Q: 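Quick one: structure below, then a few questions.
Letters A, B, ... are given to chains in the order of the sequence lines, protein chains preceding strands, and every chain is numbered from 1. Small disclaimer: the values here were computed from a predicted structure and weren't measured. Every heavy atom of this structure was used, including side-chain atoms; hydrogens, water molecules and symmetry mates were not.
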Amino acid sequence: MLELYHWEPNTFSLKPLIVLHEKGLEYMSHYVDFLSLEQYTLPVTSALEVRHNPEGEGPILVDKNVPMTESFFIGLYLDEAYPAKPLRRGNAYARWRTLMWARFVNEVLAPAVSTLGCSKYLAPALARRDKVALAKTIERMPTKEQRDGWLAALNNTYSDDLIADSHRKVGLAVKKVEDALAENDWLAGEGFSLADIDVFSLLASVPDLSPEALNARVAPRTFAWLEHIKSRPAVKAAFATSKTGKPLEAFTPGPEHSRWG
Amino acid sequence: MLTLYHWEPNANSGKPMLALAEKGVAFKSHYLDLLNFDQHSPDYLKINPNGTIPALVHDDLVLTESTAIMEYVDEAFQGPKLMPEDPVERWRVRWWMRFFDQYFAPSLSMIGWSVFVGPSVRDRDPAALKAAIDRIPLKERRIAWSKAIYNTFSPEELEESRRRVGVGINCLEQALSQRTWLAGDTYSLGDINGFNLGYALPLAQPQLCNDEKTPHIMRWLRAIYARPAAKATWALGRTQMAQRIKFLEGQS
């Protein structure tokens, strides 16, 4: 039986939930409250690929006793291990395009959305909690990257420059999606695919986080594409796993902004 | 028709070079001198408007981003498969390539640019250098070249990169102590990616990477360098940089 450790259906946790429901795969859901830092107490967190996940905190899929991280690669794994109802069709070039979307999302969009989401929702949520207890928990996190990410949220140290750069990056992503949708109904060309799931999961909260970059007027195709994907039964089922009723307000520090090059 | 635009067999350029050599796929080599800013020339920007190396032109298709190019090469051409059959191992190849590309390699690269790339170009005509920086299309690359040319790396960011290189080496040693190759029992794109990142580590980071401290990394580097495809690929190098691979010869 597939097991998925995940939080609220937004950003990284949302991706494998959509993939599982689109493919009609049965799975055991382990809902983990990332806001309470429960993800640091799981039995599967000792694996190297969990501790050093470049995505920061994200979902963990366990299949054949192997804990797998990195939400896009979990989706690729599910599509390759369970080939019925494929979500990545076409020739080698179409498949390369899917990888290019994932790369762009990982490097540019995901850090920007995480910063904007943490600044707007995570930092205020942490401010309502016991700061001393949180700081102690953060101190025990296994990597410096994780500690730094959570300390930034705890102390709300997002600079104006970082926020402005995050809006810039979100704008680049929206333009890229808008241009792609002028050519095709879907991002990788060959029907609804892992590329659409990858980008949708990161953009779903952007009309709220960066309303000037993504609204029905400045990016009509992207806005309509978001609404269209939201109406898919599998996507509705993924959102229905929410326990807070506000999945698009759930953020963790996420992957870092690129330090070099 | 297949043309690869690349620099030295090293880091990003070396990844598709070695993958093509392992597959036995013939290609036209178009060498771009990174230190002469060939990658920002108008002719090359027509091929890849981002001005990054490498790029693969296959008939009328242009492919960029070295790791994604490698997966394309493996799928589009005949020859030995460079991705494992087992989906878990395929996941592991991809996880490690992302760890290399977004964590380990950028830190190693920052150090390399501060000690090698910057000093190699810094003494040229200041006006020409400024014009060269202004021509770079991507903001991130403009920042990287400015830091290298004007040597404005902060001690903190270099120290942080050194720390990350240490973390990366430890993680790699741990993985290779559990498996023959990075992802399992078969040589894969993950090993090709990692070799391009790590072939000079024993020379550049001798305190962190050596036979005593990281025997599994050393065993793995030598096993890859023993492959004819690696020998043929590094023979295409034109600078001292590629010669660093000779350190793997005749030891232990």
Q: Could you walk me through whether A:Phe73 and B:Trp96 pass ring-ring contact (aromatic ring centres under 6.0 Å, His included), step by step?
A: CA-CA 11 Å; A:Phe73 296 152; B:Trp96 276 93; over 10 Å; no

Q: Are A:Lys64 and B:Pro87 packed together at the side-chain level, in the sense that at least one heavy-atom pair is separated by less than 4.5 angstrom?
A: no

Q: Surrounding NZ of B:Lys81 (heavy atoms of other residues, nucleotides or ligands, distance under 6.0 Å), is the total greater than 12?
A: yes

Q: Taking the side chain as every heavy atom from C-beta outward, state whether A:Asp165 and B:Lys139 have any pair of such atoms under 4.5 Å apart.
A: yes

Q: Answer yes or no: are there more than 12 heavy-atom neighbours, outside B:Asp134 itself, under 6.0 Å from its atom CG?
A: yes

Q: Sort and list the pairs that fulfil ring pair (Phe, Tyr, Trp, His ring centres under 6.0 Å) and have at least one residue in residues 142-162 of chain A, not counting sequence neighbours.
A: none

Q: Is B:Val167 in contact with chain A via its backbone, its side chain, both, or neither, using a 4.5 Å heavy-atom distance?
A: side chain

Q: Do you know which of A:Asp63, A:Thr69, A:Ile74 has the most heavy-atom pairs with chain B at a distance under 4.5 angstrom?
A: A:Thr69

Q: Relative to chain A, which segment of B:Arg163 carries a heavy atom at a distance below 4.5 Å: side chain, backbone, both, or neither?
A: side chain

Q: So which bits of residues 48-57 of chain A come within less than 4.5 Å of chain B, counting non-hydrogen atoms only?
A: A:Leu48, A:Glu49, A:Arg51, A:His52, A:Asn53, A:Pro54, A:Glu55

Q: Using the rule given for side chain to side chain donor-acceptor pair (under 3.5 Å), can you reason through B:Tyr103 versus A:Glu145, listing the C-alpha separation, both sets of side-chain angles and the distance that settles it, and then say yes or no?
A: CA-CA 11 Å; B:Tyr103 186 87; A:Glu145 291 74 22; 2.8 Å; yes

Q: Decide if atom CG of B:Asp59 counts as having more than 12 heavy atoms of other residues, nucleotides or ligands within a radius under 6.0 Å.
A: yes

Q: Please flag which part of B:Phe153 lies under 4.5 Å from any non-hydrogen atom of chain A: side chain, backbone, both or neither.
A: side chain

Q: Please flag which part of B:Leu63 lies under 4.5 Å from any non-hydrogen atom of chain A: side chain, backbone, both or neither.
A: both

Q: Not counting sequence neighbours, which residues clear side chain to side chain contact (heavy atoms under 4.5 Å, CB included) with A:Asp196? List them please.
A: A:Trp186, A:Leu187, A:Phe192, A:Ser193, A:Trp225, A:Ile229

Q: For A:Glu70 and B:Arg94, what are the C-alpha separation, side-chain angles and deciding distance, and is it a side chain to side chain contact (heavy atoms under 4.5 Å, CB included)?
A: CA-CA 9 Å; A:Glu70 214 291 334; B:Arg94 290 172 175 137; over 6 Å; no

Q: For atom CG of B:Asp185, decide whether the heavy atoms of other residues, nucleotides or ligands shown that lie under 6.0 angstrom number more than 12.
A: no

Q: For B:Thr52, is it the side chain, the backbone, both, or neither that has a heavy atom closer than 4.5 Å to a heavy atom of chain A?
A: neither

Q: Just checking A:Glu139: does its CD atom have more than 12 heavy atoms from other residues, nucleotides or ligands closer to it than 6.0 angstrom?
A: no

Q: Quick one: which of B:Ala76, B:Ala175, B:Ala105, B:Pro106 has the most heavy-atom pairs under 4.5 Å with chain A, could you say?
A: B:Pro106

Q: For side chain to side chain contact (heavy atoms under 4.5 Å, CB included), just list the numbers for A:Lys144 and B:Glu160, CA-CA rounded to whole Å, side-chain angles, deciding distance to a tenth of an Å, and then say yes or no.
A: CA-CA 10 Å; A:Lys144 182 174 186 296; B:Glu160 175 62 7; 3.8 Å; yes

Q: Might you point out which heavy atoms bring B:Trp91 and A:Val66 nearest each other, and give the distance in Å?
A: CZ3-CG1, 4.3 Å

Q: Which residues in residues 93-100 of chain A have any heavy atom closer than 4.5 Å to a heavy atom of chain B?
A: A:Tyr93, A:Arg95, A:Trp96, A:Leu99, A:Met100

Q: Taking atom types as modelled and ignoring hydrogens, do the side chains of A:Trp260 and B:Ser107 form a donor-acceptor contact shorter than 3.5 angstrom?
A: no

Q: Quick one: CG on A:Asn106 to CZ on B:Arg98, what's the gap to the nearest 0.5 Å?
A: 3.5 Å

Q: In terms of heavy-atom proximity below 4.5 Å to chain A, should B:Val62 be classed as side chain, backbone, both, or neither?
A: backbone

Q: Is the shortest heavy-atom distance from the side chain of B:Arg164 to the side chain of A:Arg259 under 4.5 Å?
A: yes

Q: What part of A:Glu256 lies closer than 4.5 angstrom to a heavy atom of chain B: side chain, backbone, both or neither?
A: side chain

Q: Step by step, work out the side chain to side chain contact (heavy atoms under 4.5 Å, CB included) result for A:Leu76 and B:Arg90.
A: CA-CA 9 Å; A:Leu76 266 183; B:Arg90 293 167 72 85; over 6 Å; no

